[in-house]
Amino acid sequence: MNLNDLANLGQIIGALAVVISLFYVAHSIRQNTNAVRSATAQAVHEHFASRYHLLAADFELSQLAVSGLRDYSSLSEPEKARFIAIFMAFLSYSQNSFLKWREGLLEPPPWMGWELLIMNLVAAPGGREFWRERGYLFGEEFRRHVENGLMKREPHPDAKPMGAFSIGREG
């Protein structure tokens with residue numbers, strides 16, 4: 001074997017090493033993407049769950065949420081301030097989840113469930129009024145999704161905001 005043959009063999013080995021390292025990098029990226037998606041789904045779930053824990057722990061706050069979703073305009077100023085605080089946090093989490101879903105960091109099945117929760121809020125009479133008053137505070141893409149999508153959809157027949165009253169079609 002002469003020097004030229006050894007150089008060619010070295011180039012072949014080098015090319016194979018590059019191909020193998022590309023496969024390794026692709027595999028690592030795929031694993032990292034799955035880990036990021038999993039962490040994103042967990043964080044989104046925890047945000048939504050924290051809202052429910054907050055409401056479950058405070059009977060008065062739960063009553064306020066139901067009353068506000070039924071008739072937002074009937075709330076007193078202090079009640080309205082609390083209602084706004086609860087649902088602005090919820091909708092901020094929702095917007096973040098929406099953006100993660102759009103970026104491909106949140107899988108469609110969990111997003112579709114959370115989207116129904118958002119829809120239950122904005123489809124309730126008080127939720128619609130709340131959104132009309134506060135919707136401008138959110139990003140344009142999320143606002144369009146809520147206003148041109150969720151608010152125009154027919155609620156699920158079993159939809160009950162906070163489990164309290166029906167907004168779905170009567171069967």
Gap separating the CG atom of L137 from the OG atom of S92, nearest 0.5 angstrom: 8.5 Å

Interatomic spacing from CD1 in I20 to CD1 in I13 - rounded to 0.5 Å: 10.5 Å

Distance-only polar pair, side chains of W101 and E107, donor-acceptor under 3.5 Å: no

Step-by-step side chain to side chain contact (heavy atoms under 4.5 Å, CB included) determination, H145 to L150: CA-CA 7 Å; H145 184 72; L150 300 180; 4.2 Å; yes

Side-chain heavy-atom pair L121, W131 within 4.5 angstrom cut-off: no

Euclidean distance, N8 CG relative to N2 CG, rounded to 0.5 Å: 8.5 Å

Under 3.5 Å side-chain donor-acceptor pair for S73 and D71: yes

Any side-chain heavy-atom pair of N148 and R143 under 4.5 Å: no

Spacing of CD1 belonging to I84 relative to CD belonging to E77, to within rounding of 0.5 Å: 10.0 Å

Side-chain donor-acceptor pairs under 3.5 Å in residues 58-69, sequence neighbours left out?
unit_1, atom_1, unit_2, atom_2, d
D58, OD1, E60, N, 3.1
D58, OD1, L61, N, 3.1
D58, OD2, R82, NH2, 3.2
E60, OE2, R82, NH1, 3.1
S62, OG, L55, O, 2.4
S62, OG, D58, O, 3.4
S67, OG, Q63, O, 3.0

Distance (rounded to the nearest 0.5 Å) between R102 CZ and S97 OG: 13.5 Å

Validation row: F130, M88 side chains within 4.5 angstrom (heavy atoms): yes

Side chains of S76 and E79, donor plus acceptor under 3.5 Å: yes

L3, CG: over 12 other non-hydrogen atoms inside 6.0 angstrom: no

K160 to F165 six-membered ring, cation-pi geometry met (6.0 Å, 45°): no

Residue that, paired with F98, satisfies ring-ring contact (aromatic ring centres under 6.0 Å, His included) out of F138, F142, Y93: F142

Full working for salt bridge (charged side-chain N to carboxylate O under 4.0 Å, His left out) between R134 and E129: CA-CA 9 Å; R134 299 264 167 214; E129 191 175 345; over 6 Å; no

Joint cluster assignment, L16 & V25, ILVMFWY side-chain distance < 4.5 Å: no

Rounded distance (nearest 0.5 Å) linking atom NZ of K100 with atom CG of L106: 10.0 Å

Criterion side chain to side chain contact (heavy atoms under 4.5 Å, CB included) on N120 and H156, from CA distance to verdict: CA-CA 9 Å; N120 284 352; H156 188 278; 5.8 Å; no

4.5 Å side-chain heavy-atom contact, V146 and M119: no

Pairing residues for E140 by the side-chain hydrogen bond (donor to acceptor under 3.5 Å, both in side chains) criterion, not counting sequence neighbours: R144

V19 with L9, same ILVMFWY side-chain cluster at under 4.5 Å: no

Path from M112 to L105 over hydrophobic side-chain contacts below 4.5 Å: no

From CA spacing to verdict: side chain to side chain contact (heavy atoms under 4.5 Å, CB included), Y72, R128: CA-CA 9 Å; Y72 178 71; R128 283 185 179 281; over 6 Å; no

